[in-house]
Protein chains: 2
Amino acid sequence: MSLAVRLAYSNSNPPQRIRSAFQPPAKPSDPARTVTLLEHLRQLQPHALRQSLPRNHTVFAEGDSTDQVYELVSGVVRLAKHTPGGRRHVLDFVMPGEVFGLIENPEHTVTAETVGDAVIVSYSRGALERAAANNPVLRRRLVSHISDNLLTAQQQLLILGCQDAREKIASFLLRLAERSGLRTGNRLELAMGRQDIADHLGLTIETVCRTIRALHRAGTINVPNVHDVTLSDLSGLRALAVEI
Amino acid sequence: MSLAVRLAYSNSNPPQRIRSAFQPPAKPSDPARTVTLLEHLRQLQPHALRQSLPRNHTVFAEGDSTDQVYELVSGVVRLAKHTPGGRRHVLDFVMPGEVFGLIENPEHTVTAETVGDAVIVSYSRGALERAAANNPVLRRRLVSHISDNLLTAQQQLLILGCQDAREKIASFLLRLAERSGLRTGNRLELAMGRQDIADHLGLTIETVCRTIRALHRAGTINVPNVHDVTLSDLSGLRALAVEI
DNA sequence: CGCTGGTTTGAATTCTTTCAAACTATGTGG
DNA sequence: CCACATAGTTTGAAAGAATTCAAACCAGCG
């Protein structure tokens, strides 16, 4: 039985397979495979700075210069916007193997913070842009990266604008499963806290708790502990999320 | 007194000045001015097809081929996503002088429909891309266009995720004013109907009505008729939207 | 072992939605 | 030019979903 967790809306980042800490170029046996943005970065800047960061560490903040772009090696990063009044919206979570902080703007418009302990690699954006000037393939990757982010944001707008709490949680769990891969038995790890989820879905932490518990009691999911969820009824979950 | 309607978050499309139906290149007296994407399109394809469309006409739908990009000459276009269950979310409205339908994808991921009568010009995307291959400036415009859309979407996520009905309406009115320009006396034209606004802000049509009326009774705005709004208390409106 | 930060649960409140009906423009045909 | 039909908007009352406030609970940690 395939665990293929494909959402109706799979317009998020392409399924870059998660890769363990170092750079074994995945599948050399695939000659026609496109070279990813991440591979370009690694090849251009093989000695880029690698850092281990503690939880809740700010990688960059709104307004910071966008002179670096980052690879998330392990852990999870949240991208958020803050309001003058102190509200926060978590735009998205970054999963291992993904690039973040790449934007066509002199200053960051979002804040990036580690959720738990994380390892990141910093690449020079200047060097990246210079390489892109003479490399059409790389340019295409760069545009695709921004474009993917746009499509993801639009999908999220649909979720925030049209879904109720239960549907939002279902959509969130499915997208997370799709991106982070399921462990054995449809087990999914929730690196982020309930408050992060709430701020991502436009709910309160209490509503997130209650909704997760409701799904649990309905048998749709299983919640052995705060950081793990088992998607017991994948199709039931999809039915909720898809009536998107 | 300047009517400068600047939001705290002016990350929407750059303030391309609205231009009347034909192509007088605005300000030839400004040599250092950057050439806009629209000007590139016009110069590349001066004989592109111009069409007058009736209200509620579908320019393109989700899934359609992205072989054309469009200029909105007059009228308003809404960009929406539809769900299998029949729900709709209006991602954004396109104002005259703006380019829409440009996306890094073989198929459209949104539907574009005219709100009222509109005039559009269709440009070949293929020709645009070919021109971009040898034109770094044009390439930069293309990336900026997508990037601007991304920033706008992220701002909208913040609004949908963090604001209540009153704040949403205030934010909406201010952004509309910022983009479409205010007429005399802070008068703003609402080309779209209440249902469109509701679907854009994640509210119901009734809530939109009631909220607009509440703002009216509070003296923040004036609503002489359904299609016009006067922003009587601009700073009051900003205070609502900014506590974003 | 007691703190601390985070999560869960409960009860009351509030905001928004839902349902229903009235109202208003706009346009068509007589 | 009026009468009527229609689409869209506005208003009200009731219902519902999510939030707020408060307190209890739990897990990891010094």
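Naming convention: chains lettered A, B, ... in sequence-line order (proteins, then strands); numbering from 1 in each chain. This one's a predicted model, so the numbers in the text were calculated from it and none came from an experiment.
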N/O-N/O pairs, protein side and nucleotides 5-7 of chain D side, under 3.5 Å:
none

Please list each protein N or O that sits under 3.5 Å from an N or O in nucleotides 24-28 of chain D, with the distance.
none

Nucleotide N/O to protein N/O under 3.5 Å, stretch nucleotides 17-19 of chain C:
| from | atom 1 | to | atom 2 | distance (Å) |
| --- | --- | --- | --- | --- |
| C/dT17 | OP2 | B/Thr204 | N | 3.2 |
| C/dT17 | OP2 | B/Thr204 | OG1 | 3.2 |
| C/dT17 | OP2 | B/Thr207 | OG1 | 2.4 |
| C/dT18 | O4 | B/Arg210 | NH2 | 2.7 |
| C/dC19 | N4 | B/Glu206 | OE2 | 3.1 |

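Side-chain N/O atoms of A/Asp233 and A/Ser235 include a donor and acceptor closer than 3.5 Å.
Protein atom CG of B/Asp117 is 10 Å distant from nucleotide atom P of C/dG27, rounded to whole Å. Summarising the geometry, the separation between CG on A/Asp199 and P on C/dT7 is reported as 11 Å, rounded to the nearest angstrom. In this entry the distance linking NE2 of B/His227 with C1' of C/dA25 reads 8 Å, nearest Å. In this structure, CD of A/Gln195 is placed 11 Å from P of D/dT20, rounded to the nearest angstrom. Between A/Arg166 atom CZ and D/dG16 atom C1' the separation is 14 Å, expressed in whole Å. The interatomic distance linking B/Gln163 (CD) with C/dC15 (P) rounds to 16 Å, in whole Å. The interatomic distance linking A/Asp196 (CG) with C/dG6 (C1') rounds to 11 Å, in whole Å. Taking atom NE2 of residue B/His216 and atom C1' of nucleotide D/dT10, one finds them 14 Å apart after rounding to whole Å.
Distances shown here put every side-chain N or O of B/Arg213 at or beyond 4.0 Å from the OP1 or OP2 atom of D/dT10. In terms of phosphate contacts, B/Arg194 brings a side-chain nitrogen or oxygen within less than 4.0 Å of OP1 or OP2 of D/dT10.
Shown here for B/Thr66 and B/His108, the closest heavy-atom pair between the two residues is CG2-N, 3.4 Å. Contact record, A/Met95 with A/Ser180: CE-CB, 3.0 Å, taken as the closest heavy-atom pair. The minimum heavy-atom distance between A/Leu79 and A/Ala112, with the atom names listed, is CD2-CB, 3.6 Å.
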What pairs of donor and acceptor atoms, side-chain ones from residues 208-219 of chain B against any protein atom, are under 3.5 angstrom apart with sequence neighbours left out?
| from | atom 1 | to | atom 2 | distance (Å) |
| --- | --- | --- | --- | --- |
| B/Thr211 | OG1 | B/Thr207 | O | 2.6 |
| B/His216 | NE2 | B/Asn222 | OD1 | 3.3 |

Could you list the donor-acceptor pairs under 3.5 angstrom formed between side-chain atoms of residues 157-166 of chain A and any protein atom two or more places apart in sequence or on another chain?
| from | atom 1 | to | atom 2 | distance (Å) |
| --- | --- | --- | --- | --- |
| A/Gln163 | OE1 | A/Ser171 | OG | 3.4 |
| A/Gln163 | NE2 | A/Glu167 | O | 3.1 |
| A/Gln163 | NE2 | A/Ser171 | OG | 2.9 |
| A/Asp164 | OD1 | A/Arg166 | N | 3.2 |
| A/Asp164 | OD1 | A/Glu167 | N | 3.0 |

_Full working for salt bridge (charged side-chain N to carboxylate O under 4.0 Å, His left out) between B/Glu98 and B/Arg179_ = CA-CA 10 Å; B/Glu98 295 179 352; B/Arg179 295 212 303 173; 3.4 Å; yes
*Check step by step if salt bridge (charged side-chain N to carboxylate O under 4.0 Å, His left out) holds for A/Glu71 and A/Arg50.*
CA-CA 9 Å; A/Glu71 167 191 356; A/Arg50 169 182 292 247; 5.8 Å; no
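Looking at heavy-atom distances under 4.0 Å, A/Asn225 makes no contact with the nucleic acid at all.
Within the structure, salt bridge (Lys or Arg N to Asp or Glu O under 4.0 Å) pairs that include any residue of residues 190-207 of chain A comprise A/Arg78-A/Asp196, A/Arg88-A/Asp196, A/Arg88-A/Asp199 (at least two apart or interchain).
Summarising the geometry, atom CG belonging to A/Leu38 is positioned 5.5 Å from atom OH belonging to A/Tyr123; distances are rounded to the nearest 0.5 Å.
Relative ring orientation between A/Phe93 and A/His200 is described as perpendicular, the plane-to-plane angle rising above 60° on a 0-90° scale split at 30° and 60°.
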